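Quick notes on the structure that follows.
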Number of protein chains: 2
Amino acid sequence: MSASTKLSTSVKALSLLATHSEQALNSAAIAAQIGGNASKLRRLLSLLSKQNIVAARKGKEGGFVLQKKPDTITLQDIYCAIEDQKAFHLDVHTGSAEDEQQNIRTNNFFIDLFSEIQVEIETKMKEITLQDIIEKTKS
Amino acid sequence: MSASTKLSTSVKALSLLATHSEQALNSAAIAAQIGGNASKLRRLLSLLSKQNIVAARKGKEGGFVLQKKPDTITLQDIYCAIEDQKAFHLDVHTGSAEDEQQNIRTNNFFIDLFSEIQVEIETKMKEITLQDIIEKTKS
DNA sequence: GTATATTGTTGCCAATACAGTAACAAATAG
DNA sequence: CTATTTGTTACTGTATTGGCAACAATATAC
């Protein structure tokens, strides 16, 4: 699952939970609503629960509930919870180059550049809350 | 090959060509210098030649030469030449959701967001020239 | 004109990663 | 105790990727 798909799937699930705050929704119910596989969803939601974005309850009447108010959950929070890898990262290319030092310097240039871009993306994602998305996607 | 690896490999090759403007370098020579496989390099360089960033000459004493001045080649030019796909794009998730309309609205939200981010990245890449990178990675 | 060198492209094969599902132990509520 | 649900692992078929090798097309040198 690509990072972008994980992110949008997570947001769909969290939006649904936000509108059903009175009861826990289990993975099968969420999957039916937003589409996709319950097992796959559980894998995502368990990551979100480790960051206390949702709470997971096992057993009868169990399922998932939102643990924070939607206007305190940012896209950045969600992204970090589900994805360990940076959005922009260099797969450093280490070949047996004659000028290995030049290779390293160029790699470092790109590592720095991608870090800068990463910061900009994170800044943007910090400014967007789940609440924002819910309002923008209201019918 | 990931987009980031393609980009850094291309820059390494172009930097090398920039310092050998008097003669054409063939793919084997470039591969020896920067590391990696000659055949793979040719695939990248042929894409760059289609955008007239390098010129390719076949036959004896053939190879590749830079076709533009380093300070007129931007990272954005290179990226577009070698990668058709946007850096940030949503793999839209189309499941059989009960509320398909909500799904679509959420997907559209992310498509818009990623487009914005894409524009920012492109802006950044347009500001960086091959010349800049050569100077910054000088030993 | 001929021989030679080089690109540009295709095909192949192994290795790796991924998607989707199923299965099941652990936990929990009633 | 029983039923249910999470959390995780395992499995299986399918794409994707990487690295080469091969070769036709092409251009150059002589």
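In this text the structure is predicted, and so the values were computed from the model without any measurement. Chain naming here is simple, since letters A, B, ... match the order of the sequence lines and numbering starts at 1 in each.
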Q.
Counting only side-chain nitrogens and oxygens, does A/Asn26 get under 4.0 Å of the OP1 or OP2 atom of D/dT5?
A. yes
Q: Starting from C1' on D/dC30, measure out to NZ on B/Lys60 and report it in whole angstrom.
A: 7 Å
Q) How close or far is atom C1' of D/dT8 from atom CZ of A/Arg42, stated in whole angstroms? A) 9 Å
(Q) Is there a path of hydrophobic side-chain contacts, each under 4.5 Å between heavy atoms of I/L/V/M/F/W/Y residues, joining A/Ile53 to A/Val65? (A) no
Q: Have a look at A/Arg43 and say if it touches a base, only the backbone sugar-phosphate, or nothing, with a 4.0 Å heavy-atom cut-off.
A: base
Q) Given atom NZ of B/Lys40 and atom P of D/dA21, what is their separation to the nearest angstrom? A) 13 Å
**Q.** Between CG on residue A/Leu44 and OG on residue A/Ser10, distance to nearest 0.5 Å
**A.** 4.0 Å
(Q) Looking at B/Ser39, I'd like to know whether one of its side-chain N or O atoms comes within less than 4.0 Å of OP1 or OP2 on D/dC20. (A) no
Q. With distance as the sole criterion, is a donor-acceptor pair present between the side chains of B/Asn103 and B/Thr106 under 3.5 Å?
A. no
Q: Can you tell me the distance, in whole Å, between the CD atom of A/Glu61 and the P atom of D/dT5?
A: 7 Å
Q | Nucleotide nearest A/Phe64 when distance is taken to its side chain, options D/dG19, D/dG7, D/dT4 | A | D/dG7
Q.
Nearest whole Å is fine: how far is D/dT6 P from A/Leu47 CG?
A. 15 Å
Q) Same cluster or not: are A/Ile34 and A/Ile134 linked, directly or through other Ile, Leu, Val, Met, Phe, Trp or Tyr residues, by side-chain heavy atoms under 4.5 angstrom apart? A) yes
Q. How would you label the contact of B/Gly62 with the nucleic acid (heavy atoms, under 4.0 Å): base, sugar-phosphate, or nothing?
A. sugar-phosphate
Q. CG of A/Leu48 versus P of D/dT8: gap in Å, rounded?
A. 13 Å
Q.
For A/Asp112 and A/Ser115, which I'm curious about, is there any donor-acceptor pair between the side chains at under 3.5 Å?
A. no
Q.
Checking A/Ser2 against A/Thr5: is there a side-chain donor and acceptor pair closer than 3.5 Å?
A. yes
Q: Would you kindly give the CG-to-C1' distance between A/Asn37 and D/dT8, to the nearest whole Å?
A: 14 Å
Q | Value in whole Å for how far the C1' atom of D/dG7 lies from CG of A/Leu44 | A | 13 Å
Q. Side-chain contact, heavy-atom cut-off 4.5 Å: A/Val11 with A/Thr137?
A. no
**Q.** Segment of DNA chain C, first to last nucleotide, that comes within the 4.0 Å heavy-atom reach of chain A
**A.** C/dC18 to C/dA29
